[in-house]
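Keep in mind that the numbers below use all heavy atoms, side chains included, and drop hydrogens, waters and symmetry copies. Order of the sequence lines fixes the chain letters, A, B, ..., with proteins taken first and strands second; residue numbering starts at 1 for each chain.
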Amino acid sequence: MPEKYNPQAIEKKWQQKWTDDELYKVRDDAPRPKWYALTMFPYTSGDLHIGHWYNNVPSDVLARHKRMLGYNVLHPYGFDAFGLPAENAAIRQGIHPFKWTMQNIDNMRRQVKSIGAIYDWDREVITCLPEYYKWTQWFFLRLYEKDLAYYGTAPVNWCPKCQSVLANEQVEDGKCWRCESDVVKRDLAQWLFRITKYADELLNFDGIDWPERIKIMQRNWIGRSEGTEISFALDHPSVAEKEIKIFTTRPDTVFGVTFMVLAPEHPLVVKLTTPEQKAAVQAYIAKSRKMTDIERLSTDKEKDGVFTGAYCVNRLNNTKVPIWIADYVLASYGTGAVMAVPAHDERDFAFAKKYKLPIPVVIAPPDWDGKALREAYIEPGKMVNSGQFDGTDSEKGITAVSEYLEEKGWGKRTISYKIRDWLVSRQRYWGAPIPIIHCPKCGVVPVPEKDLPVLLPEDAEFKPTGESPLKYNEKFVNVKCPKCGGAAKRETDTLDGFVCSCWYMLRYTSPHENNRAFDPAKLKKWMPVDFYSGGAEHAVMHLLYTRFFTKAICDMGIVDFREPFLRLFNQGIILMGHSKMSKSKGNVVNPDNYVAELGVDTVRAYMMFLGPWEQGGEWDDSGMSGITRWLNRTWTLATDEYKSSSADGDEELMRLLHHTVKKASEDLDKIRLNTMISALMELTNYMGKVKESGSVSVNTWNETIKTLLLLLAPSVPHISEELWQITGNKYSIHNQDWPKWDEKYVTSDEFTLVVQVNGKLRDRLTASVSVTGDEAKKLAMGLERVKPFVEGKQVVKVIFVPKKLINIVVK
RNA sequence: GCCGGGAUGGCGGAAUGGCAGACGCAGCGGACUUAAAAUCCGCCGGAGAAAUCUGUGUGGGUUCGAAUCCCUCUCCCGGCACCA
């Protein structure tokens with residue numbers, strides 16, 4: 001009796017052997033073409049849940065397939081190890097963030113290893129280790145040199161719970177992306193990366209194969225908008241400025257301006273406000289500063305504002321325009337000021353109604369009766385009440401007015417972006433220290449390269465004070481200025497974790513380099529990443545940041561490519577109770593139990609079988625037994641003795657086998673792993689019948705088993721290795737070539753002709769592929785099941801689709 | 001509000017202009033068993049004794065033929081949201 005399938009035993013055995021033999025060790029010098037397959041590395045929260053596995057398993061299957069196709073595959077793994085949860089754990093449990101993180105990594109590494117992936121663990125990258133963050137700091141200095149990193153004071157997003165600032169991308173619906181606290185505004189001196197400099201290039205996705213969805217998200221986030229900056233004349237005895245600039249996409253409506261609105265934070269507001277209005281204006285500013293972004297940016301909120309008492313002049317029609325402030329105008333977009341055209345903008349309309357400001361029409365709606373509008377008309381139309389532009393189509397008027405303004409020197413065409421510079425400093429301990437020294441004499445001084453890394457001191461007090469714990473560490477803070485040698489202080493903010501993940505894919509190419517971030521020759525060999533998979537939630541964070549970072553260091557000559565990831569794939573999300581699995585929600589499913597009970601091959605195949613990878617869905621393990629049964633049947637097929645009684649079925653089995661090879665190959669290319677598993681099941685089901693009847697020769701049987709095992713190898717690597725050995729093949733199945741299909745077995749000279757009458761299926765028949773329409777018609781008309789539907793009726797039309805169907809249309 | 005994606009048996013899904021429901025789960029019936037588990041065989045959208053009719057969120061359209069293409073509406077998921 002052959003042994004029974006014992007997944008736990010064989011999985012343990014082979015994982016050990018593969019490790020001992022360095023089967024998956026990646027050679028930089030292999031002559032085969034390279035393939036860099038990367039999965040987003042996980043944050044070190046403690047355990048991997050089944051959702052993480054859903055990221056890792058299909059990627060490994062695809063990488064293994066590429067490997068069998070003859071590629072030299074780099075498929076590395078590592079950990080995104082800096083971040084707030086480690087520090088929060090320190091505050092709550094009194095455990096040092098380093099210890100907490102490294103313990104988590106140990107557990108997560110054990111879990112990931114149980115997957116049986118082809119990760120080369122010699123290349124593991126951990127971002128919180130000095131050997132790594134030294135180079136994160138090094139990159140920071142390079143950005144600083146090129147003025148792409150700068151220090152500035154700005155109103156920033158402040159999360160009161162995390163006690164730190166957040167980048168715009170990390171604020172979701174006015175709430176912190178991690179803890180969901182309401183975010184407030186604060187003025188702080190901060191470090192920023194000049195991502196806006198690359199706004200235009202980031203809009204260009206030429207040469208990269210990314211999901212349309214992600215490209216749209218990035219485009220919306222960057223928010224490029226072509227418009228015109230118009231200057232309104234200012235004549236105010238106590239104000240030096242002689243103009244107020246506004247940004248508009250509708251210069252064609254400039255004759256309809258009846259008021260001006262500045263953001264409460266606009267620098268001119270204080271200077272312009274008249275003594276009578278001072279109290280009201282100050283109260284309004286105070287009120288809007290106190291509001292959270294959610295309150296302030298709520299579109300439901302009624303628009304309100306305050307008159308400053310001051311006026312400017314619309315130079316086109318020489319009218320006096322009152323200047324208001326209102327919090328629906330954002331200080332950070334355009335010039336922080338807008339011209340209000342109530343007749344043709346919904347917000348301005350509501351505002352004008354509330355404060356009884358005039359609403360003159362300057363774009364005539366179709367069939368306009370000359371009366372006042374009941375709502376804002378924002379569509380195109382003929383310009384009216386617009387001086388020399390009367391009668392112009394408003395769409396043409398945009399250019400015409402802009403040209404006129406440029407001619408007069410009253411304005412210029414310009415482009416505005418929604419995206420802001422990336423705020424990278426964090427007032428926390430557990431991040432890469434920003435390698436900067438503040439000297440009272442020399443100002444901001446970068447730490448000399450030879451002094452890197454700026455190490456995180458081990459002793460720190462993790463008090464949530466709103467300031468970096470590093471600030472209270474005298475040994476860390478007090479340094480000599482590298483320039484003048486005088487007493488100076490270190491920057492105590494640390495870098496956003498997303499800075500670390502901007503370059504981890506580079507480090508994998510040569511993770512043990514001590515004297516540089518990476519070996520350029522190895523980088524050249526492996527980069528860019530050919531296939532990158534991860535969640536869509538990183539669309540405007542990690543994925544946008546990394547593209548920016550790559551372009552920036554390319555301009556410095558550090559790398560020679562401008563896009564890090566050639567192809568991006570977003571896998572779906574595994575839900576539990578209709579929400580994403582997360583430790584904080586307490587709805588995680590741990591894969592360890594499944595592995596212990598059923599073996600990892602079952603879990604792997606089940607993850608693939610669930611549905612299309614990009615779809616994800618609610619977690620439900622009730623179907624897993626189907627996979628266990630299938631692998632058991634497969635085991636039996638390969639290990640039982642096959643007794644042949646004839647060779648009559650050879651042709652048929654070879655047809656199905658080659659069809660399956662083709663289907664599996666195509667499904668892997670299309671990343672349809674669920675249908676690949678289905679196809680393999682169909683093959684094994686059929687083989688079960690063949691085995692019962694003994695209807696194929698021993699040779700055909702053995703060849704089929706061998707090919708089946710090769711097809712299974714990427715998906716279920718352990719059982720296929722074991723059966724490969726049992727069936728007498730040479731170790732290792734994972735060094736074999738992916739099978740090829742033979743066209744002669746997937747084409748046929750016969751096919752099943754579907755017979756329809758009036759589009760409804762009536763019968764089918766087997767016909768030669770060379771059958772003509774007339775012959776097919778004759779055959780079809782003769783069918784017993786067809787006759788009743790055509791007899792006594794007039795045949796109006798016959799549709800014949802070669803190799804598919806015939807449709808007889810009768811009346 | 002705007003921009004994406006989606007809705008197919010009891011469930012996960014397959015079929016992207018040509019046989020709806022592949023494959024699997026659950027369920028039902030049977031074989032084996034003292035019994036159960038495991039395994040194997042059969043059935044499995046609805047109505048109907050059957051022929052057949054009907055059926056892919058809703059309503060319409062294009063077509064010889066629509067789950068698939070177009071339009072309308074409903075609901076679900078994701079993103080953005082006063083960006084002038």
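- A residue-by-residue look at A/Thr248 and A/Asn632 shows that A/Asn632 has its nearest nucleotide of RNA chain B further toward the 5' end.
- One interatomic measurement links the two molecules: CD1 of A/Ile799 to P of B/rA66, which rounds to 12 Å at whole-angstrom precision.
- Note: NE2 (A/His659) to P (B/rC23) measures 12 Å, nearest angstrom.
- Within the 3.5 Å criterion, the main-chain N or O of A/Met608 finds no donor-acceptor partner in the side chain of A/Asn674.
- When each of A/Asp601, A/Thr636, A/Thr634 is checked for a side-chain contact (heavy atoms from CB on, under 4.5 Å) with A/Tyr5, only A/Asp601 meets the rule.
- Under the Watson-Crick or G-U wobble criterion, with both distances below 3.5 Å, B/rG9 is left unpaired in every strand shown.
- Applying the 90° cutoff around 0 to the glycosidic angle, B/rG24 is assigned anti.
- Side chain of A/Arg213, nearest nucleotide from B/rC80, B/rA84, B/rG4: B/rG4.
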Check nucleotides 10-17 of chain B against the protein and report each pair of N or O atoms closer than 3.5 Å, with its distance, or say if there are none.
residue	atom	partner	partner atom	Å
B/rG12	O2'	A/Leu610	O	2.7
B/rG13	OP1	A/Gln615	NE2	2.5
B/rG13	O3'	A/Asn674	ND2	3.4
B/rA14	OP1	A/Arg672	NH2	3.0
B/rA14	OP1	A/Asn674	ND2	2.9

Dump every N/O contact between nucleotides 25-27 of chain B and the protein below 3.5 Å, one line per pair.
residue	atom	partner	partner atom	Å
B/rC25	OP1	A/Arg629	NH1	2.6
B/rC25	O2'	A/Ser622	O	3.1
B/rA26	OP2	A/Arg629	NH1	3.4

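- Sequence order on RNA chain B of the closest nucleotides to A/Lys797 and A/Thr628 puts A/Thr628 first from the 5' end.
- With hydrogens and angles ignored, a donor-acceptor pair closer than 3.5 Å exists between the side chain of A/Gln756 and the base of B/rG18.
- Residues satisfying the salt bridge (charged side-chain N to carboxylate O under 4.0 Å, His left out) criterion with A/Glu750, sequence neighbours excluded, are absent altogether.
- A donor-acceptor pair under 3.5 Å is formed between the side chain of A/Thr335 and the backbone N or O of A/Lys245.
- At a threshold of 4.0 angstrom between heavy atoms, the contacts of A/Val329 include nucleobase atoms, whether or not backbone atoms are also involved.
- Distance A/Met217 CE to B/rG4 P: 12 Å, rounded to the nearest Å.
- Shown here, B/rU39 forms a base pair with B/rA31; the pair counts as Watson-Crick or G-U wobble because both key distances fall under 3.5 Å.
- Looking at A/Tyr545 and A/Glu169, their side chains come closer than 4.5 Å, going by heavy atoms from C-beta outward.
- Picking from B/rC82, B/rC3, B/rC19 the nucleotide with the shortest atom distance to the side chain of A/Ile216 gives B/rC3.
- OP1 or OP2 of B/rA84 lies within a sub-4.0 Å distance of a side-chain N or O belonging to A/Tyr333.
- Inspection of the A/Asp621 and A/Tyr606 side chains reveals no N or O donor paired with an N or O acceptor under 3.5 Å.
- Side-chain atoms of A/Glu652 and A/Tyr686 include no donor-acceptor pair closer than 3.5 Å.
- Nucleic acid contact for A/Asn685: sugar-phosphate only, since backbone atoms but no base atoms lie under 4.0 Å from a heavy atom of the residue.
- The nucleotide B/rG78 finds its pairing partner in B/rC3, both defining distances of the Watson-Crick or G-U wobble pair being shorter than 3.5 Å.
- Among residue pairs with one or both ends in residues 668-679 of chain A, those qualifying as salt bridge (Lys or Arg N to Asp or Glu O under 4.0 Å) are A/Glu614-A/Arg672; sequence neighbours excluded.
- Residues from residues 800-809 of chain A with heavy atoms under 4.0 angstrom of RNA chain B, sorted by number: A/Val801, A/Lys804, A/Leu805, A/Asn807, A/Val809.
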I'd like a list of close polar pairs between nucleotides 46-55 of chain B and the protein, N/O only, cut-off under 3.5 Å.
residue	atom	partner	partner atom	Å
B/rC53	OP1	A/Arg762	NH2	3.2
B/rC53	OP2	A/Arg762	NH1	3.2
B/rU54	OP2	A/Lys760	NZ	3.4

